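Read through the structure below, which is laid out as structure tokens, and then see the notes.
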Amino acid sequence: MTRYLLSRAGQAALVLWAAFTASYVLLQLLPGDSILIKFQNPELGLSPQQIAEIRAYYAGASPLADYAHTLLGFLTGSFGYSIDTGTPVVERLAEALPETARLASAAFLLAVLIAVVIAFAASYSSASWLRGALLSVPSLFISVPAFWLGILLIQIFSFRLRLVPVIGGSEVQQLVLPVLTLAVPISAPIAQVLARAIDQVYAQPFVPVVAAKGATRWWILWRHVARNAVLPTLTVAGLTFGELIAGSVVTETVFGRAGIGRLTEQAVNAQDTPVMLAVVVLAAAVFVLVNLLVDVLFPILDPRLKGAAA
Amino acid sequence: MSPSRPLRTVVTLTLVGLLGACGGAGGVAGPASGDNGTPVQGGTLTYLEHQPPTCLYLPAAGFYPNGGILNQITDKLTWQNPETLEIEPWIATKWEINEDATEYTFHLRDGVTFSDGTKLDADAVAANFDVYGLGDDKLKLPVAEFVNNYERSEVLDPLTVRFHFDKPSPGFLQGTSVIGAGLVSKKTISLPYEQQCQLKNIVGSGPFTVRRQVVDKEVDLVARKDYNWAPPSSKHQGRAYLDEIKIIVTPEDNVRVGALTSGQADMVRYVQAYDEQTVKDAGFTIYAEPTRGVNNGLYLRPGNSLIKDVNVRTALRLGTNAKEIVDTLFTPSYPVATSVLSHLAQGYVDLSKELVHDPAKANALLDQAGWARGADGVRVKDGKQLRLGVFVSGPQPLSKQTLELVAQQWTKLGVKLEIRPADAGTQAVDIKDAEKTAIQHGMVGRADQDVIKSHFHSENRDVILSDDEKLDRLLEEESAEPDVTKRNAKVAEIQRYVIEQGYAIPLFEEPQVYGAAPYVRGVAFEAVARPWFYSVWKARQ
């Protein structure tokens, strides 16, 4: 088990380094650089000569030295300064992270809840039309654009019915609508995979045996089928974390939340390279971590995998 | 990732239509009742911004979200009356200017303090303008656009400061009144660029101070109780009426407008043209404030090989129908341009006779210039098609739609306009290359004659990438002309010259459009439309 964990952790570190290097190279290859974008802004009214002077001031040594310097900074937890606002990137992340973490984790939990309800209801219902209707819900959910759903929810619940304010309001009030917006599209793949996995487990020979022993439908679903169906669902749930981050860009913009999504959007607009690099590495780190966690949970949930892992 | 604006508009309109059909109409309050016109002390103003502020180094205050904050927390040496555009006393009680405008002496008001308790004296003022006039290489502070020909400052006594210029600088007096010339404490002005970018380090003497900031989301301002140095011409003196202002960033257009009309916010900036009617219908007020500078328009680069012929550039202007653009996309808040400058700008001259829409003449000019129509309708000369590149301008309202309409109009001339998305990276590289970017879409606001120099001079914004020495010379003469009448005449000459040379296709006079609840009173703006909340109060509802 320890060896398994160590090798998985090593892989994770390798993935992170690769993500850092790839995004560093890509950002270097992009047209324009953040200094040019920043200081060429006509609002500043700087002359080309002044811009050239500033560039000369900022220009580091060779690209390789700059790479090493940036990598070292990341390893020691210093991500440099945002060129757009002049604040240390660490500070920006520290402000944005909790905001996104609250939104993403609440949305994730709600998504799982929605998925479980849909999948269970579909497999429990005996009427085939109801089952079909329930199973088509995820495809509907996944095709709803987040920004549209967000605006729809705001228009109805905030502006028309005046149930929750979008401006001001307590932290919980501010979370309700964005969480719903984000949870709906994310629940779709989880629900789909869970429903299919449940079907597959039902097709296994042990199910009629349990039924013959006198177990109720609910007992079979809960005790036997669901437990077996959880593994593929967990994998998908882990993967949706990536979607959570992507979805939060839109959701945070619609709701005016100052999270990682908004930070990313602005950094991309202003081509604020240090912020972009930090966000990419952070997203990769979260992704790797969640998948590592899923991999570690597997052998715990399924004893058959223990042998393979040891 | 982010859907296009027309799509959003369609979605929003559909939504509003749907909801309108199923619910009661959304009107909130009519005009507030029980208001006898006496200002009410206290209360919080919730103000929704379209974008988060960026770097708050004062000369970068041109960006509206930045100006919207800095205008509340800093004072200026002088006050430009937004009605008359006259320069009036503020922190400077009086001033003397020598004959050729190379020496300005300011006498300061006594007893003014910054919010950190330090004195706003001649020393502090000198320190501010030394940076705005000369920049600071060591601290990486760039010079400010509104100061020309600055040489040095001289502190005569604690309340008297003199500025010296190496050439006449008639625009300087107005320059002391702009938001970018906001006075900050000596501690602030001596910080390096990155530090001066951050709101927490900006210490001014204004009627409000910063209580709290959530970066990218919210700035809370509170009134300074001991504030007692408003411009003498202001009816309101003493502390601000409001206790607090919450500036909340709300990027989504229909969320901003919906929050206003549903009573969640008191005032919003950047009401899109297509939302103006919604706001009015709900009984709210639209403030379309003029920006008094170079008009929203297309600026043509003579350095581009396809349009180096003045006749071709003139043809493009004659083939552009600015009125159709305003009628189709905008509202009466956006007057059709009658010159390069807004009709409220200083030195404006009416050129509407020259700015006509004449597609027949445009086609004739292009024929004469040797551009023949190719098989696909696009004109060709020497094997090259008449295809011109332009970037969507992020800060301009409905820039993409405007350019698309122009492209339609130009198709009739046989000219292909290639519209590129406002991608900061590509733009930063290509926009300084006349061959790649033949045309720039933009405007600039400032209530002084120098605004035209900011826009066109090869050492300022240089939108046309000018290689025109005559234009540069005219602009320099304008900015160094102490006599107002002569200076205005020079500005008129420049406007005519820019049109004659086909450097500009003026479209419309760009306002800043705000929406406010009917109970919000005393709404005021500085000369180029940044809000000034000092005298704002909320009537009892």
Side-chain angles (χ1 to χ4, degrees), chain A residues 30-34 36-50 53-54 57-58 81 84-87 91-92 95-96 99 145 147-148 150-152 154-156 158-162 165-169 246 249-250 253-258 262-263 265-266 268-271, chain B residues 1-3 8 11-12 15-16 19 23 26 46 48 52 54-55 59-60 62-63 135 137 140 142-145 193-198 214-218 246 248-252 254-255 258-259 261-262 264-265 394 424-432 442 444 454 459-463:
Chain A
L30 277 181
D33 58 68
S34 33
L36 199 63
I37 292 164
K38 170 87 194 143
F39 290 96
Q40 206 160 276
N41 181 349
E43 302 281 5
L44 280 173
L46 294 181
S47 73
Q49 197 208 333
Q50 285 167 327
E53 278 167 17
I54 294 166
Y57 180 91
Y58 272 104
Y81 290 85
D84 196 25
T85 54
T87 31
E91 249 175 56
R92 305 289 312 270
E95 275 159 356
E99 187 97 355
F147 88 95
W148 185 84
I151 289 171
L152 184 79
I154 290 176
Q155 288 285 351
I156 296 177
S158 188
F159 297 160
R160 292 279 155 179
L161 304 175
R162 305 190 182 202
V166 239
I167 306 300
V249 175
V250 177
T253 304
V254 170
F255 289 90
R257 294 176 62 86
R262 269 280 293 295
L263 186 65
E265 191 224 339
Q266 277 157 26
V268 171
N269 270 338
Q271 209 155 316
Chain B
M1 204 166 338
S2 164
R8 285 194 207 193
V11 169
T12 317
L15 267 177
V16 170
L19 293 166
T46 304
L48 305 187
T54 53
C55 172
F63 187 50
D137 288 345
K140 291 178 287 170
V143 297
E145 185 177 23
Y193 180 76
E194 283 87 358
Q195 301 281 318
Q196 288 200 43
C197 277
Q198 300 173 39
V214 185
V215 178
D216 286 351
K217 185 176 177 184
E218 186 171 341
K246 283 182 180 295
I248 301 173
V249 180
T250 315
E252 195 56 46
N254 48 59
V255 175
T261 53
S262 69
Q264 295 181 26
T426 328
Q427 196 164 352
V429 175
D430 286 356
I431 206 149
K432 291 286 178 190
V444 51
S454 296
E459 281 182 5
N460 293 105
R461 299 185 183 212
D462 194 18
V463 286

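All values derive from a computational prediction rather than experimental measurement. Values below: every heavy atom of this structure, side chains too, minus hydrogens, waters and symmetry copies. Note on naming: letters A, B, ... go to the chains in the order of the sequence lines (proteins, then strands), and numbering restarts at 1 for each one.
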**Asked** Where do Arg262(A) and Val249(B) land on the side chain to side chain contact (heavy atoms under 4.5 Å, CB included) test, with the steps shown first?
**Response** CA-CA 11 Å; Arg262(A) 269 280 293 295; Val249(B) 180; 3.4 Å; yes
**Option in Glu95(A), Arg257(A), Glu91(A), Gln266(A) with maximal non-hydrogen atom pairs under 4.5 Å from chain B** =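 The answer is Gln266(A).
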**Message:** I'd like to know which of Val254(A), Ile154(A), Val268(A), Leu263(A) tops the heavy-atom pair count under 4.5 Å against chain B.
**Reply:**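 Heavy-atom pairs under 4.5 Å are most numerous for Val254(A).
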Of all the heavy-atom pairs spanning [X] and [Y], show the shortest one and how long it is.
X	Y	result
Gln264(B)	Val166(A)	OE1-N, 2.8 Å
Gly256(A)	Pro251(B)	CA-CD, 3.8 Å
Ser262(B)	Arg162(A)	O-NH1, 3.4 Å

**Prompt:** Of the options Arg92(A), Glu99(A), Glu265(A), which is the one that meets Asp216(B) in a side chain to side chain contact (heavy atoms under 4.5 Å, CB included)?
**Reply:**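 Passing option: Arg92(A).
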**Request:** With a 4.5 angstrom heavy-atom cut-off, could you sort out which part of Thr46(B) is near chain A: side chain, backbone, both or neither?
**Result:**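 The side chain, not the backbone.
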**Item:** chain B contact via Ile167(A) - which portion, at a heavy-atom distance below 4.5 Å
**Value:**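 Both parts, backbone and side chain.
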